[in-house]
Amino acid sequence: MKICDEINTVLFEMMQNNREVILIGEDILDPYGGAFRITKGLSSSFPERVLTTPISEATIAGMSIGMALRGLYPIAEIMFGDFITLCMDQLLNHASKLKPMYNGNVVVPMIMRTPMGGGRGYGPTHSQSLEKHFLGIPFIDIVAVSLFHNVKRIFLNAYNRRRPVIIIENKLLYPMELFISSNDEVFIENMLTETGYCDVIIKNYINNTPDILIVTYGGVSRFLKTILRKMIEEEIRVVSVIIGQISPISRKSISLINTYANQCGKVLILEEGSKEFGWSAEIQGIIENRDIIINRLGSVNTIIPSNKKLEEQVLINEEKIINNILEMIRI
Amino acid sequence: MKICDEINTVLFEMMQNNREVILIGEDILDPYGGAFRITKGLSSSFPERVLTTPISEATIAGMSIGMALRGLYPIAEIMFGDFITLCMDQLLNHASKLKPMYNGNVVVPMIMRTPMGGGRGYGPTHSQSLEKHFLGIPFIDIVAVSLFHNVKRIFLNAYNRRRPVIIIENKLLYPMELFISSNDEVFIENMLTETGYCDVIIKNYINNTPDILIVTYGGVSRFLKTILRKMIEEEIRVVSVIIGQISPISRKSISLINTYANQCGKVLILEEGSKEFGWSAEIQGIIENRDIIINRLGSVNTIIPSNKKLEEQVLINEEKIINNILEMIRI
Amino acid sequence: MMKKEKVEKIYSLMLLIRRTEEKLLELFSRGLLNGTVHTCIGQEACAVGVMEVIDKEIDIIFSNHRAHGHFLAYSEDVYGLLAEVIGKKSGLCGGIGGSQHLHKKNFYTNGIQGGMVPIALGAAKAEKFKGSNAIVIVFLGDGTMGQGVVYESLNIASLWSLPLLFILEDNHYAQTTPKKLAHAGSFCQRAKAFDIQTEHIKVDDVLKLINVADNAVRYVRENKKPFFLHMETYRFSPHSKGDDYRNAEEIAKFKLEDPLIKLEKELSKEKVKEISENIDNMLLSILNSINNDNEMSLEELLILNN
Amino acid sequence: MMKKEKVEKIYSLMLLIRRTEEKLLELFSRGLLNGTVHTCIGQEACAVGVMEVIDKEIDIIFSNHRAHGHFLAYSEDVYGLLAEVIGKKSGLCGGIGGSQHLHKKNFYTNGIQGGMVPIALGAAKAEKFKGSNAIVIVFLGDGTMGQGVVYESLNIASLWSLPLLFILEDNHYAQTTPKKLAHAGSFCQRAKAFDIQTEHIKVDDVLKLINVADNAVRYVRENKKPFFLHMETYRFSPHSKGDDYRNAEEIAKFKLEDPLIKLEKELSKEKVKEISENIDNMLLSILNSINNDNEMSLEELLILNN
Ligand SMILES: Cc1ncc(C[n+]2csc(CCOP(=O)(O)OP(=O)(O)O)c2C)c(N)n1
Ligand SMILES: Cc1ncc(C[n+]2csc(CCOP(=O)(O)OP(=O)(O)O)c2C)c(N)n1
Ligand SMILES: [Mg+2]
Ligand SMILES: [Mg+2]
């Protein structure tokens, strides 16, 4: 099933099984079903529980918090991740704060989901990966959909967490088929973290120790199948850990990363946004063994241009990743 | 002169020397002169050029951008740094974008200055150090006032940069005296970066190689005088680099940090906010030599409580820093 | 309830709020309080008048930085409030929240101006969705009418017919900024433009206010529609502590219309004395008791992170 | 200018906009364009009517995602626009901005709904401060009236008496959301509540619109005060590309009132043919020429980081 359909399906199931689940967002009603059609069909099935709003992102966030506080489970869609900037005050000074500042006496169970990422030529304000600016807000889970994650489990676990969860969906993943079972080139394994999300381990070898560890999350996973296959040709054994919960980093993720890092001695950390002050900086920081060679790669830290070729050059891509791997192996 | 007066004075000078400098913010008129009295006297001297606004932070940011675009030089005050969340869309999707997305055909010269930090018992929404969430936005300088920085030079250089600059002022610094000349215990040196800001190097020794490098910025600098003196008693030679421009990190800062890191072999990176996905993660990432022992310390990644003692325990403080230094030295 | 009893009750509550806040200012000036407090001295009628007519079992209140009065009128939990502001574990929020971040039952505050308005809107949507009979009340100051989210929320409250009562507690100033330096046009018109019914009242007589508030509350509950109640009031105390640059004559003028004093005239001297002494004694004994309470430990705080 | 010449000029401009955007949609469907385009087919009168009456030497325009029409009416720079949307270095912004992020001289757009409104406000403040005679025009859609910053800006524009003309280009829909699912009350009342003068016009006759716009522009310039002009219009094309779920009858009904067709009737068949052919030829030759233009290199892009 395509990832967009996976998300659509889990939203349907959540709504069917839990009467308090409410969808809220802009243009999410049928027949349109949202700018990326993720909510298609849902307003027809649950007309009272799919709330299309004016263009008021801050209030979409705030209303979700208020509904969560009063016993509902809102799932908010922000049409493009670029607009999550407008929700920052509600997320940081309200959603994350109410429970701890009221000494744990309330909960704010909700999801905000939003598509991030470029590659579609939408230009500077519709192509960004802004999650890095929200990492490290305490009391909020930030989770990313990837090509290899059981999407359904991500949403159901978010639901069980009874707290605000931001789910990052790279828009390039939507039309792709989820890839969750091993084939004869790529071996996939899931690792449950203590917060109930999963990290996914994918390898291009069976036995033997790996040569290099790739740590990443979200949309960058779209490159991995091809890269792992190409690295078989180069006789490079690659293990890749795709983190589900990207902030806060779980203890299990930390130990998983360290285990493979120690086996490989070489770690390449990849992220879709620019790496400066990004996710990869913190991941680098959690690697304990100082003998390990670490590289980070993200998109170029500049404007994301509309021009197609330029955009490709600015964004992280397969070629850059492969070159980085080869360089690291050759050291 | 107290740091609050230093800022007040440089604002006065900028207004006197440049007719296009405009102050804008909430409650900044005389006789009050702003919640931290930073603009005191200015509206009396320049009544047409000090604009007090409604409680509309997003529009304060937006108006500043519009004025900058049309030839003025706005200096906006956000009363508490906690409210900068409301400006995020304007800063990230507008201030930083207009120049590059218009292919360099416009400039947005402006300052947004705001007090961050806790220690005053103001509680969860008036005590945060949120700058970490803005680091890594391209095309914006983020700069921090410290106890050791020539405040005036920071502002004047920001002015010369002809781009959006966010100046972070830790509110605990305001009543302190600037400390910019060496005495017989602490030796101070300024290093100019290629962007015209300064990093400050302070040492508690004259000759000889240092034992440990402390890298930090902003409000954390308030602890350093005492710590450096106490470390003399422990016979620990400390060199501290206090970064002025905290994002993007300048090439000069990188090489400065690496030079001292190599001399010391031990680096402690300190920040006022929580370290998770914070400034210190990126700084750790730029240290090249893999044999160096690196530690990061910030405030606890949780709510900042109103209770005084609890707040002290949550925030970074002298004792925690000293313990960290001693531990690292003893390794 | 008979008129006289009601007057006594209302007066007691208003005086309780005033005395409690005076005590807080005193503790502050003696250096016994950390942080900041925003008192509502002079505005007590607004809090008491509204809380008198809501259904405290089910209705939901969102308030702001200046919430002590709203809170006491809602709950009369003096102990919880004082312990919270003083920073004890026995406080409403364990001393974490402090003066600006209060919660108990259906009462919530936060220190970001305007930020609670869309949250109140969401709460109103939730109650309507659940089919409850509750209404939601959100307090906001004149200054807070500067925030864009307020208008986003007015629009949706009206569009979706939500049971949300906006109470604009207009004390003529936002911190040091007089209304005329912050606002163009008319507050009620702003709500009306979204097709929301409004009413304006000058708060000098709490009994009159109770009637008006009662009508507003009924309207919202019965019609499941928003209402915008503009209360013109005045604070006698500074914005927080020493930050008062208002004209002394202006303050004095408003003090002549103090709703508390006005109400006092309806009671006998003896009754007033009795009420006043009871409150003072209660405050003293509460403060004594709070003195012995523990503070939360870091370990306890960090449990919240799980 | 005589009436006939004026009609010709206006018609030419409107047709230029329509043909240019039809060309863009065609390029799009042939897979020759990257990204997205929001065309204003059906709404050309709004753009042309306003630009006809401003002072292009000094006035300042802030527009939005649907800006091609505004831009062409402002500058007639077809080459720059097409090259930009196609992504060439010869485009207005070197191909970096694309359809939603345009700039030339005093014309600015961005893709964040409502975000440009406070920026326009700041520009108006700057012009007033400098004592210039310029006014600022900001275009916003009906959907964008959902954004809180718009109200923050209405308030300050009125409070500070800024020369800012708000133009609400109300095409009844925001993306797929009809107005009635997004807005309560009345748009003009919302502006009036801030003490801003307003006017509402149904855009079926561009010549009538020009008069109204002229009055608005004069009012703002002469009084140095904001004005809110609500134009009711309709787009015949989808929101961006294939995303159109509107009722076909509704679209057909509005097409009967197409201001372009209406104006066409004032011209001779020959004239119309001539104008149309000129435009088509021009577009062809421009597109041919753009074809040979270079694209920006990454190195050139990164120079901007300095
Ligand atoms: C978003 C935000 N901006 C600014 C402040 C600082 N602040 C606290 S109270 C206040 C004035 C509020 O005025 P008003 O809404 O009239 O309420 P009042 O204090 O008069 O009760 C300000 C500006 C804040 N808390 N939140
Ligand atoms: C802040 C923000 N939210 C959402 C969007 C996505 N979006 C682009 S156009 C649009 C509809 C705008 O409607 P309207 O203001 O009526 O303008 P129109 O498209 O009808 O010209 C939306 C929701 C956006 N660009 N910015
Ligand atoms: Mg007020
Ligand atoms: Mg529209």
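Since the model is a prediction, treat every value here as computed from it, not as a measurement. Per chain, numbering begins at 1; letters A, B, ... match sequence-line order.
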Under 4.5 Å from any heavy atom of chain B, what part of [X] do you find: side chain, backbone, both or neither?
X	result
C:Leu302	side chain
C:Asn110	side chain
C:Gln175	both
C:Ser240	neither

How many angstroms lie between [atom1] in [X] and [atom2] in [Y], if you round to the nearest 0.5 Å?
X	Y	atom1	atom2	result
C:Ile112	B:His126	CD1	NE2	6.0 Å
C:Glu84	B:Ser306	CD	OG	7.0 Å
B:Leu86	C:Gln113	CG	CD	10.5 Å

Quick check on the interface: out of B:Pro31, B:Ala35, B:Ser127, B:Gly123, who has the most heavy-atom pairs with chain C under 4.5 Å?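 Of the candidates given, the most pairs with chain C belong to B:Pro31.
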
Looking at B:Ile304, B:Val314, B:Leu310, which has the largest count of heavy-atom pairs under 4.5 Å with chain C?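 Ranked by heavy-atom pairs under 4.5 Å with chain C, first place is B:Leu310.
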
A quick test of your reading: do over 12 heavy atoms of other residues, nucleotides or ligands sit less than 6.0 Å from [atom1] of [X]?
X	atom1	value
C:Glu22	CD	yes
B:Lys320	NZ	yes
C:Lys105	NZ	yes
B:Lys309	NZ	no

Specify the closest pair of heavy atoms between B:Arg37 and C:Tyr245, including all atoms of both residues, with the distance to one decimal.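 Closest approach of B:Arg37 to C:Tyr245, heavy atoms only: NH1-OH, 3.3 Å.
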
Of the non-hydrogen atoms in B:Thr125 and C:His101, which two are nearest, and what is the gap between them?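 Result for this residue pair: OG1-NE2, 2.7 Å.
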
Heavy-atom pairs under 4.5 Å with chain B - which of C:Gly98, C:Gly111, C:Cys93, C:Gly94 has more of them than the others?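 Counting heavy-atom pairs under 4.5 Å, the top option is C:Gly111.
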
Are C:Thr177 and B:Glu26 packed together at the side-chain level, in the sense that at least one heavy-atom pair is separated by less than 4.5 angstrom?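 The answer is no, as the side chains (C-beta and beyond) never meet within the 4.5 Å cut-off.
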
Please list every donor-acceptor pair under 3.5 Å in which a side-chain atom of residues 49-57 of chain B meets a protein atom from a residue at least two apart or in another chain.
unit_1: B:Arg49; atom_1: NE; unit_2: B:Arg19; atom_2: O; d: 3.3
unit_1: B:Arg49; atom_1: NE; unit_2: B:Val21; atom_2: O; d: 3.1
unit_1: B:Arg49; atom_1: NH1; unit_2: B:Met15; atom_2: O; d: 3.3
unit_1: B:Arg49; atom_1: NH2; unit_2: B:Met15; atom_2: O; d: 2.6
unit_1: B:Arg49; atom_1: NH2; unit_2: B:Asn18; atom_2: O; d: 2.8
unit_1: B:Arg49; atom_1: NH2; unit_2: B:Val21; atom_2: O; d: 3.2
unit_1: B:Thr52; atom_1: OG1; unit_2: B:Asp27; atom_2: N; d: 3.1
unit_1: B:Ser56; atom_1: OG; unit_2: C:Gly146; atom_2: O; d: 2.8
unit_1: B:Glu57; atom_1: OE1; unit_2: C:Gln147; atom_2: NE2; d: 2.7

Contact class of B:Phe83 relative to chain C, heavy atoms under 4.5 angstrom: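 Side chain of B:Phe83 only, per the 4.5 Å heavy-atom cut-off to chain C.
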
If we ignore hydrogens and angles and just use 3.5 Å, is the side chain of B:Asn301 paired with the main-chain N or O of C:Asn305 as donor and acceptor?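 Side chain of B:Asn301 to backbone of C:Asn305, a donor-acceptor pair under 3.5 Å: no, none is there.
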
Test B:Thr302 against every option in C:Leu301, C:Leu298, C:Leu304 by the side chain to side chain contact (heavy atoms under 4.5 Å, CB included) rule and name the one that passes.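 The option that passes is C:Leu301.
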
